[in-house]
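First up is the structure itself, then whatever we jot down about it.
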Amino acid sequence: MNKPDLPVTSNFIRNIIDDDLAANKNDGRVVTRFPPEPNGYLHIGHVKSICLNFGIAAQYGGTCNLRFDDTNPVKENDEYVQAIKADVEWLGFKWDELRHASDYFDELYDFAVQLIKKGKAYVDSSSAEEVRAMRGSLTEPGTPSPYHNRSIEENLDLFARMKAGEFEDGEHILRAKIDMASGNINMRDPTLYRIRKVHHVRTGNDWSIYPMYDYTHCLSDAMENITHSLCTLEFEDHRPLYDWVLDELETPAHPQQIEFARLALEYTILSKRKLIQLVEEKHVDGWDDPRMPTITGIRRRGYTPAALSDFCERIGITKNDAWIEMAVLETCIRDNLNEHSPRRMAVIDPIKVVITDLDDDYTETLSFANHPQNEAFGRRDVVFSKVVMIDRDDFSENPPPKYQRLVPGGEVRLRGSYVIKCNEVIKNEAGDVVELHCTHDAATLGKKPEGRKVKGVIHWVSMSAGVKAEVRVYDRLFNVVNPAAAESLEAALNPDSKTVYTQCYVESALADAEPESRFQFERLGYYVADRYDHNKAHPVFNRTVTLRDTWAK
RNA sequence: UGGGCCGUCGCCAAGCGGUUAAGGCACCGGGUUUUGAUCCCGGCAUUCGGAGGUUCGAAUCCUCCCGGCCCAGCCA
């Protein structure tokens, strides 16, 4: 049951670091950072980056900072900052230092002044449209701005006045003076600063100009003495600019930017815009809906940090645009929960079973192992009585081939209890089965039945001793492998992604479960007591994932 | 016919000039089992996008070709 940990497979980033260490680059230090913009909730794609950055630091005895890339005050707020911190902590990672790009606004300004003094930056007073037109196209070079040769004195004066708030949004920008004919569009005199007369969560109204990502990120990395700045593939084209800024300025370090492929998960959407759409159009019940790929949603679904780390280790780090199958993620959570969660019995969609050859007030207390392979989980009492509930799926009047459950006239084992035989099927006016009358074989408690084989085993809950509960059964949110490519989100949605059962019966022990405690409901899957809605008076469980099923389908 | 990047089993992914081309997921058998779960055992790439070339030797080096991804925010 305890399988050895998967060997840590190498990847190109670990190889680079191994080489750096061998060459004693950075004095043998490894410092990384996880740099989210606080403009939304973190999702499983970020988990890949978090595990990479914090994981690399841990594996090499280094450190990892959490840095909020808060350079665009119009999109960012503190709610996201708090949520991101909570998510990273829940994943189990500890940042060395908590930083904000806004911590460096003064230094960043001074560096910009230096660039101007070197003749490497200038104030452009063109409109946004003019700048765009002059940038050229993918196949045509750009043309220099009429402000390209402004004097250093005038640039200094204008930039100081931009900072002082003398101009309105859009009147001027500060641009790097690089190469308007570069094949790499990022090098065609990129914008360094823009005027934004808006309140910033942390710096208030101190600034009326804000630095751009490309200018800020490399300098923040350098000031934090980051050794390896890991980011996703779309920033490959930005690396020459990252290096240009650090080469032009005297900084404490010149970190190495390395790019890796972002996560793509089948049947899932990870674009921030579309995630927002799901929430705003109420296709889900909020950012922490258990069907959401957000960390907070995945958490509420019942996933564990260990399963997510395992997932990241299994999918690896490369530059390939890979699509990961859901089965990989599901295997990770099943493995983790199989080993760590106690077993219980729960009936989601109940049918009443009356054991007719038992007295009306008959009860018997049975002892069940909490885990079939691990005695350390201990045992619990389960009450058996004359009337028990079984799941509707476990009875069939017209069974498919190889059906091993209860059928009219057939026998089945009630898990941990007796073998029963179905003698009578009671239906309502509509023809639905509402009750089964069975007899039990008293000689089968803890023993195989005499003279015959009973293969089926089904779970059950005593009607009198069990407690009512609500169970939310979740399935994938989308029906198509790549929902982002669908004509519309609506068209891709799985209409049956959430089914709520309110008349469930669970073992009485389950009512006392703490929120977020996880169980295997035997033969069904893994379930978690809802983080917010579960309580003793109203037990609520979410289905995390089903058990592997090699029979169905 | 602008620049950057990627192609190893159905899906991931090691491999870095000499290995029988790791491993995981999935799948297919078989065994154990009072969860159709778990666990165990076995199977699953004569071949590395294609074609040439270099070499005693190529998935690994070179050339060309084919396929895919990213970039024209005063977003990150």
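Here is how names work: the chains are called A, B, and so on, in the same order as the sequence lines, proteins then strands, and each is numbered from 1. All of these numbers come straight from a predicted model, not from anything done at the bench.
Annotation: R202(A), atom CZ; neighbour count of heavy atoms from other residues, nucleotides and ligands within 6.0 Å is above 12. Residue K197(A) places its NZ atom among more than 12 non-hydrogen atoms of other residues, nucleotides or ligands, all under 6.0 Å distant.
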Output a table of nitrogen or oxygen pairs between the protein and nucleotides 16-18 of chain B separated by less than 3.5 Å.
from	atom 1	to	atom 2	distance (Å)
rC16(B)	N4	N15(A)	ND2	2.8

Please list, pair by pair, any protein nitrogen or oxygen found under 3.5 Å from a nitrogen or oxygen in nucleotides 26-28 of chain B.
from	atom 1	to	atom 2	distance (Å)
rA26(B)	OP1	T331(A)	OG1	3.1

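Of the listed nucleotides (rG73(B), rC6(B), rU35(B)), rC6(B) has the atom at the smallest distance from the side chain of K319(A). Here rA37(B) is the nucleotide among rG36(B), rC74(B), rA37(B) with the atom lying nearest to any side-chain atom of L547(A). Checking rU38(B), rC74(B), rG3(B) against every side-chain atom of M212(A), the shortest atom distance belongs to rC74(B). Comparing rU38(B), rA76(B), rC71(B) by their nearest atom to the side chain of D237(A) picks out rC71(B). Listed candidates were rG24(B), rC12(B), rA72(B). Nearest to the side chain of L138(A) is rA72(B). Here the nucleotide nearest the side chain of T139(A), chosen from rC75(B), rG2(B), rU38(B), is rG2(B). The side chain of R314(A) has rG24(B) as its nearest neighbour among rG24(B), rG36(B), rA22(B).
Across all strands, A322(A) comes closer than 4.0 Å only to sugar-phosphate atoms, never to a base (heavy-atom distances). Using a 4.0 Å heavy-atom criterion, one finds that F235(A) contacts the bases of the nucleic acid, with or without backbone contacts as well. As judged by a 4.0 angstrom heavy-atom cut-off over every strand, R239(A) is placed among residues making no nucleic acid contact. K447(A) comes within 4.0 angstrom of a base, heavy atoms only. As judged by a 4.0 angstrom heavy-atom cut-off over every strand, S126(A) is placed among the base-contacting residues. The residue R132(A) sits close only to the backbone: its heavy atoms come under 4.0 Å of sugar-phosphate atoms, none of a base. Heavy atoms of Q404(A) sit under 4.0 angstrom from at least one base atom. Within the 4.0 angstrom heavy-atom criterion, base atoms lie near Q520(A). Across all strands shown, G525(A) has no heavy atoms under 4.0 Å from either base or sugar-phosphate atoms. Nucleic acid contact for I315(A): sugar-phosphate only, since backbone atoms but no base atoms lie under 4.0 Å from a heavy atom of the residue. Across all strands, I317(A) comes closer than 4.0 Å only to sugar-phosphate atoms, never to a base (heavy-atom distances). R415(A) comes within 4.0 angstrom of a base, heavy atoms only. Nucleic acid contact for H238(A): base, since at least one base atom lies under 4.0 Å from a heavy atom of the residue. Counting any heavy atom pair closer than 4.0 Å across all strands shown, K448(A) reaches sugar-phosphate atoms only and no base atom.
Pairing of rA58(B), defined by two Watson-Crick or G-U wobble distances under 3.5 Å, is not identified with any nucleotide. In a base pair of the Watson-Crick type (N1 to N3 plus N6-O4 or O6-N4) or a G-U wobble (N1-O2 and O6-N3), with each distance short of 3.5 Å, rG67(B) is matched with rC6(B). When Watson-Crick and G-U wobble pairs are counted only if both distances are under 3.5 Å, rC48(B) pairs with no nucleotide at all.
Comparing the C1' positions of rC65(B) and rC25(B) gives an interatomic distance of 34 Å, to the nearest angstrom. When the P atom is compared between rA21(B) and rA45(B), the two are found 12 Å apart, to the nearest whole Å. For the C1' atom pair drawn from rG7(B) and rA14(B), the interatomic distance equals 16 Å after rounding to whole Å. rC6(B) sits 13 Å from rA13(B) when the P atoms are compared, rounded to a whole Å. Using atom P as the reference point in both rC66(B) and rU1(B), the two lie 9 Å apart (nearest Å). Of the P atoms belonging to rA59(B) and rG18(B), the separation is 11 Å, rounded to the nearest Å. Taking atom C1' on both rG52(B) and rG15(B), the two are 24 Å apart, rounded to the nearest angstrom. Rounded to the nearest Å, the gap between the P atom of rG50(B) and that of rC44(B) is 22 Å.
Looking only at atom types and distance, the side chain of Y41(A) has a donor-acceptor partner in the side chain of E79(A) under 3.5 Å away. Checked by atom type, the side-chain pair E259(A)/Q257(A) shows a donor-acceptor distance below 3.5 Å. Between the side chains of S182(A) and N184(A), no donor-acceptor pair of N or O atoms lies under 3.5 Å. No side-chain donor from either of S341(A) and R518(A) sits under 3.5 Å from a side-chain acceptor of the other.
Judged by distance alone with a 3.5 Å cut-off, a donor-acceptor contact links the side chain of R413(A) to the base of rU34(B). Residue-to-nucleotide contacts include no donor-acceptor pair under 3.5 Å from the side chain of R194(A) to the base of rG73(B).
Mapping V131(A) and G456(A) onto RNA chain B by nearest heavy atom places G456(A) at the nucleotide closer to the 5' end. Between I185(A) and L414(A), it is L414(A) whose nearest contact on RNA chain B lies nearer the 5' terminus.
For the pair R196(A) and rC75(B), the criterion of a side-chain N or O lying under 4.0 Å from OP1 or OP2 is met. Dashed line: the shortest gap from a side-chain N or O of T9(A) to OP1 or OP2 of rA14(B) is not under 4.0 Å. In terms of phosphate contacts, N320(A) brings a side-chain nitrogen or oxygen within less than 4.0 Å of OP1 or OP2 of rA13(B).
In this structure, the ring of F311(A) has its center no less than 6.0 angstrom from the ring center of Y303(A).
E76(A) places a side-chain N or O within donor-acceptor distance of the main-chain N or O of N72(A), the cut-off being under 3.5 Å. Under the 3.5 Å distance criterion, the side-chain polar atoms of N155(A) are matched with a main-chain donor or acceptor of R150(A).
In this pair, W551(A) lays its aromatic ring flat on the base of rG36(B), centres within 5.5 Å and planes under 30 degrees apart.
Side-chain contact check for Y215(A) versus L115(A): some heavy-atom pair is nearer than 4.5 Å.
In this entry the distance linking CD1 of I390(A) with P of rG36(B) reads 14 Å, nearest Å.
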- [ ] Using the salt bridge (charged side-chain N to carboxylate O under 4.0 Å, His left out) rule, take D441(A) and R452(A) through it: C-alpha gap first, then chi angles, then the decisive distance, then the call.
- [x] CA-CA 12 Å; D441(A) 181 343; R452(A) 63 208 194 271; 2.8 Å; yes
- [ ] Please step through side-chain contact (heavy atoms from CB on, under 4.5 Å) for the pair T268(A) and M326(A), ending with a clear verdict.
- [x] CA-CA 9 Å; T268(A) 307; M326(A) 260 299 174; 3.3 Å; yes
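Between H238(A) and F235(A), the ring-plane angle classifies as perpendicular under the 30° and 60° cut-offs. Aromatic ring pairs are classed by plane angle as parallel below 30°, tilted from 30° to 60° and perpendicular above 60°; the pair W551(A) and Y403(A) is tilted. Between Y193(A) and Y109(A), the ring planes lie perpendicular to each other; the angle is over 60°, past the 30° to 60° tilted range. Aromatic ring pairs are classed by plane angle as parallel below 30°, tilted from 30° to 60° and perpendicular above 60°; the pair F34(A) and H46(A) is perpendicular.
Of the residues in residues 161-183 of chain A, G170(A), I173(A), G183(A) come within less than 4.0 Å of RNA chain B through at least one heavy atom, sorted by number.
rG31(B) takes the anti form, because its glycosidic angle lies more than 90° either side of 0.
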